[in-house]
2 protein chains.
Amino acid sequence: MSLAHVILGLLQQQERTGYDLKTKCFNDCISHLWQADQAQIYRTLDKLESQAWITCTVEIQHDRPNRKVYQITEAGEAELTHWLQTHHPLPMLREPLLVQLYFAAQLPNEAIVYLLEQELEARQEKLAQCEAQCEAIAALSLSNPTASREQKLHRLVLDLVKQREQTHLDWLEKAIRDMHTLRDRNNP
Amino acid sequence: MSLAHVILGLLQQQERTGYDLKTKCFNDCISHLWQADQAQIYRTLDKLESQAWITCTVEIQHDRPNRKVYQITEAGEAELTHWLQTHHPLPMLREPLLVQLYFAAQLPNEAIVYLLEQELEARQEKLAQCEAQCEAIAALSLSNPTASREQKLHRLVLDLVKQREQTHLDWLEKAIRDMHTLRDRNNP
DNA sequence: TGCTAATATATGATTAATCATATATAGGAC
DNA sequence: GTCCTATATATGATTAATCATATATTAGCA
């Protein structure tokens with residue numbers, strides 16, 4: 001149940017509402033590490049509250065719908081600290097593209113190249129997003145030297161995200177080049 | 001529903017039983033691309049059969065429990081060919097370690113290094129498995145030059161899997177080194 | 001006036017994946 | 001004789017994630 005712990009981490013930074021989490025966090029800072037659906041966020045908040053790891057204060061607003069502001073509890077902080085120090089099994093990657101390629105021998109080269117190019121485009125877009133994120137963090141680092149420990153860790157994390165994308169892109173480009181030298185299905 | 005398509009791909013290679021899929025494929029060749037639980041395999045086979053993408057022949061065995069041997073149908077082959085040519089959205093990676101690091105500022109360096117080292121160990125083991133797999137495919141390539149198109153694609157896929165692991169390992173080693181130069185939480 | 005966008009939460013339905021367990025047969029080890 | 005392993009399939013339960021929709025308010029625009 002890692003989403004619960006992501007939310008605990010975010011609530012330890014500061015109190016937030018479900019809406020904040022969705023719009024300010026999961027669409028933003030943490031989005032490269034963990035994506036979460038709005039429905040899942042609200043349901044996870046309910047579960048965290050029922051476990052007493054967070055509490056809720058309703059903030060009445062007159063110009064807008066009321067907000068349910070969540071705060072982490074001591075029990076929640078203890079749980080988070082424990083989780084942060086626990087090793088978790090490596091997650092399984094399931095990439096449709098790799099499966100497609102694995103079974104692609106029956107397709108003509110042209111179709112394979114097309115597939116690789118579409119993937120390349122999607123990955124390039126993702127890397128661009130990721131780099132924008134990185135620069136935002138780098139800018140923060142410079143303007144606020146006191147919080148450097150946290151920011152260094154954030155940069156470390158984003159470094160991997162970026163490198164991972166770059167590895168993928170390099171591989172895709174090489175794969176596309178390789179396809180030109182691969183004898184086609186119909187040309188023995 | 002990609003598992004269904006992985007199974008279609010495997011059944012196009014040759015007819016198989018659910019048990020074959022689990023023990024010969026998902027524990028072996030395809031395991032670095034897609035993992036599947038035994039229960040999910042059998043249920044997916046039922047679903048594929050009800051969609052008429054595969055058919056089933058019961059093979060009576062006297063020394064062992066009977067086997068249900070599945071074959072791909074023409075409709076199944078058409079579906080597979082279509083799926084193989086369709087671009088799918090990039091899968092979301094959710095790596096607990098990255099989340100942990102993102103929120104790790106409150107932990108002492110020692111705890112962070114321990115976390116990284118445990119991850120390193122797990123990744124090293126995975127890379128070793130992966131390299132064994134690669135060598136097996138390379139050996140096949142040499143002994144059977146006629147099937148080279150398929151084998152070249154398989155190598156291409158395994159190349160990425162290996163490079164991805166290597167990127168991860170390099171990053172982990174660098175991260176551990178970096179931790180020694182990071183001012184600790186309790187040492188301002 | 002009606003439409004859209006932003007703010008804010010909630011719930012039903014479904015899919016995908018995992019875990020646990022049940023059943024049945026045969027062969028080999030001790 | 002009993003236990004374990006390999007072969008083989010099936011099902012119940014649960015979790016995690018996604019999709020679709022519902023509801024309610026205010027502000028701004030055409």
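Letters go in sequence order (proteins before strands), and every chain restarts at 1.
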Is any side-chain nitrogen or oxygen of [X] closer than 4.0 Å to OP1 or OP2 of [N]?
X	N	result
Gln61(B)	dA8(D)	yes
Lys22(A)	dA8(C)	no
Gln40(B)	dA16(C)	no
Lys47(A)	dA16(D)	yes
Arg94(A)	dA17(C)	yes
Arg67(A)	dA8(C)	yes
Tyr42(B)	dT9(D)	yes

Query raised in the report: Quick one: salt bridge (charged side-chain N to carboxylate O under 4.0 Å, His left out) pairs with a partner in residues 168-177 of chain A, sequence neighbours left out?
Result: Lys174(A)-Asp178(A)
Nearest to the side chain of [X], which nucleotide is it out of [options]?
X	options	answer
Tyr19(A)	dG12(C), dA13(D), dA6(C)	dA6(C)
Pro65(A)	dT11(D), dT25(D), dT11(C)	dT25(D)
Arg43(A)	dA8(D), dT11(C), dA17(D)	dT11(C)

If you look at every strand shown and take non-hydrogen atoms under 4.0 Å, does [X] touch a base, only sugar-phosphate, or nothing?
X	value
Ala36(A)	nothing
Ser2(A)	nothing
Thr17(B)	sugar-phosphate

Report summary line: 5'-most contact on DNA chain D (nearest-nucleotide basis), Asp37(A) vs Val69(B), goes to Val69(B)
**Report entry** Nearest-nucleotide 5' precedence on DNA chain D, Gln38(A) against Lys68(B)
**Finding:** Lys68(B)
In whole angstroms, how far is the [atom2] atom of [N] from the [atom1] atom of [X]?
X	N	atom1	atom2	result
Arg16(A)	dT7(C)	CZ	P	16 Å
Asp46(B)	dA10(D)	CG	P	6 Å
Gln51(B)	dT15(C)	CD	C1'	13 Å
His88(A)	dT18(C)	NE2	C1'	17 Å
Asn66(B)	dA26(C)	CG	C1'	13 Å
Ile41(A)	dA8(C)	CD1	C1'	13 Å
Glu59(B)	dT25(C)	CD	P	18 Å
Leu21(A)	dT9(C)	CG	P	9 Å

Query raised in the report: With distance as the sole criterion, is a donor-acceptor pair present between the side chains of Gln12(A) and Gln106(B) under 3.5 Å?
Result: yes
Query raised in the report: Is it true that the side chains of Gln71(B) and Thr55(B) contain a donor and an acceptor less than 3.5 Å apart?
Result: yes
Requested in this report: Five pairs at each end of the helix from dT1(C)-dA30(D) to dC30(C)-dG1(D): take the axis at both ends and give me the angle between them to 10°.
Outcome: 0°
Query raised in the report: Should Leu169(A) and Leu116(A) be counted in the same cluster of Ile, Leu, Val, Met, Phe, Trp and Tyr side chains packed under 4.5 Å apart?
Result: yes
Report task. Establish whether Leu93(A) and Leu97(A) are linked, either directly or via other cluster members, by ILVMFWY side-chain heavy-atom contacts under 4.5 Å. Result -> no
Query raised in the report: Does the pair Glu95(B)/Arg164(A) count as a salt bridge with the N-to-O cut at 4.0 Å?
Result: yes
Query - Geometric class of the Trp83(A)/His5(A) ring pair [parallel <30°, tilted 30-60°, perpendicular >60°] - result: parallel
Report task. Evaluate whether atom CD of Glu74(A) has more than 12 neighbouring non-hydrogen atoms of other residues, nucleotides or ligands under 6.0 angstrom away. Result -> no
